[in-house]
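If you read the sequence from its start, that first residue is 1, and numbering goes on from there. Below, each value reflects all heavy atoms present in this structure, side chains not excepted, and no hydrogens, waters or symmetry copies.
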Amino acid sequence: MAMSVIRRKQGLVKPAEETPLTTLDLSVIDRLTVLRCNARTLHVFKHGPEAARVIREALSKALVPYYPLAGRLTESQPGCLQIECSGDGVWYVEASSDCTLHSLNFFDDVQSIPYDDLLPDAIPESQRIDPLVQMQVTQFGCGGFVIGLIFCHSICDGLGAAQFLNAIGELARGLEKPSIEPVWHREFFPSPQTPQETAFPPILPPPPQMPDYKLEHANIDMPMDPINRVKREFQQVTGLTCSAFEIVAAACWSTRTRAIQFEPNTQLKLVFFANCRHLLDPALPSGFYGNCFFPVTITASCGLLKQATTVSVVKLIQEAKAKLPVEFGKYLEGERLKNGEDPFAPPLTYTTLFISEWGRLGFNHVDYRWGPPVHVVPVQGSSIIPVAIVGSLPLPNRGIRLMTWCVEEAHRLPFLRHMHGVMNQELVM
């Protein structure tokens with residue numbers, strides 16, 4: 001892909017007004033070690049003259065109600081994360097490219113995207129800062145733009161990050177304040193005993209051995225017609241309804257299993273993280289933007305999955321989801337292990353597939369003045385964690401794009417062949 005990007009301006013964007021200088025506690029879920037990472041995404045927009053200026057000004061205004069995001073992570077004691085609300089700001093980069101997005105097919109080919117050019121580059125060590133949010137707006141010769149976003153997962157989940165971006169969009173469109181008032185409310189989760197209060201600290205297992213495989217990228221575009229047919233068949237067979245996510249997850253898990261050819265008795269796991277805001281009593285307020293989810297884990301043998309229909313695998317997924325309120329409730333009450341395992345730390349092996357639904361997070365509806373994005377591109381976080389992301393096809397198309405990093409090169413073509421075969425058989429075989 002022949003393109004060059006010039007970064008013209010970079011620095012901190014601070015809240016437009018004075019904000020409280022305080023220290024805020026994070027919830028137990030926020031503090032999970034697995035969330036001590038940054039989520040990276042690209043947001044591609046077809047049109048937006050002067051987008052860098054408009055978004056910078058709206059970002060500064062949004063950081064007034066969302067002032068914790070302008071702060072920094074701190075630890076009152078090892079493992080006890082807090083946010084120091086300092087008003088220091090978020091890192092913002094303005095860049096440009098003479099290319100047109102049309103000539104680059106709006107970055108539809110994920111494998112050829114120059115991520116390093118479109119995401120904020122490393123902050124100079126002389127700055128001595130570690131902001132919670134980093135953003136680069138790259139303006140293209142056609143008037144379109146791409147936002148490269150780096151977000152600290154410890155402070156927001158996907159729903160929370162999308163809520164923040166929607167607030168920026170509303171302010172960019174001229175609203176006086178965001179339509180959803182942000183709410184901190186991280187005390188919803190009771191804190192466990194501190195290390196000083198624990199008489200007998202648990203013996204931690206040795207760190208797991210890191211896998212030596214490398215996962216390759218594969219995209220599968222899926223029109224809605226075959227998915228809707230499976231929905232109708234599922235209702236005819238079971239009398240119940242099912243979602244597009246459940247159908248795609250079932251198809252992905254079973255076809256990946258067939259492509260890899262595990263031994264028949266191998267136990268395989270499918271893991272996805274379910275929003276739990278509504279499971280609390282009372283439910284979390286709509287403006288909550290922290291982490292509130294719980295892993296749903298389904299276990300089945302290779303032999304079962306290879307023979308199962310999509311409909312029967314959807315049943316397995318729904319049965320596991322039905323247990324979510326009870327299992328999340330136990331976790332809240334302090335029952336941190338399930339069958340001796342931490343549910344937030346499933347085995348990072350080739351036998352575990354993580355799948356995530358992005359279509360309902362809200363990223364696809366963010367409007368900074370010139371309409372929603374053509375598409376949103378997740379950036380691979382790890383080359384050893386098998387992941388599939390259920391997103392939407394780039395506009396104006398309708399359907400689902402399954403973005404995966406879940407198989408080694410030797411299994412990539414068999415996986416694609418099985419997925420396309422399943423789609424051609426209307427996903428039910």
Next item on the list: Could you walk me through whether Asn291 and His153 pass the side chain to side chain donor-acceptor pair (under 3.5 Å) test, one step at a time?
Entry: CA-CA 8 Å; Asn291 293 287; His153 209 327; 3.3 Å; yes
Notebook entry, point to check: In terms of heavy-atom contacts, does CG of Asp221 have more than 12 from other residues, nucleotides or ligands at under 6.0 Å?
Noted result: yes
Notebook entry, point to check: Are Glu17 and Thr19 close enough that a side-chain donor and a side-chain acceptor fall under 3.5 Å?
Noted result: no
Check: Is there a donor-acceptor contact under 3.5 Å from the side chain of Arg256 to the main chain of Cys406?
Finding: yes
Note to self: Tell me if the NE2 atom of His102 is crowded by more than 12 foreign heavy atoms within 6.0 Å.
What the structure shows: no
Next item on the list: Heavy atoms only: give me the nearest Arg258-Leu305 pair and the separation to one decimal.
Entry: NH2-O, 3.8 Å
Checklist line | Distance-only side-chain donor-acceptor flag, Tyr350 / His411, under 3.5 Å | finding: yes
Note to self: Take a 6.0 Å sphere around CZ of Arg369 and say whether it holds more than 12 heavy atoms from other residues, nucleotides or ligands.
What the structure shows: yes
Checklist line | Asp130 bridged to Arg72 by N-O distance under 4.0 Å | finding: no
Check: Closest heavy-atom contact between Gln111 and Arg412?
Finding: OE1-NH2, 3.8 Å
Note to self: Under 6.0 Å from the ring centre and within 45 degrees of the ring axis: does the NZ or CZ of Arg186 meet both conditions for the six-membered ring of Tyr289?
What the structure shows: yes
Next item on the list: Determine whether Arg277 and Leu159 make a side-chain contact, defined as any pair of heavy atoms from C-beta on separated by less than 4.5 Å.
Entry: yes
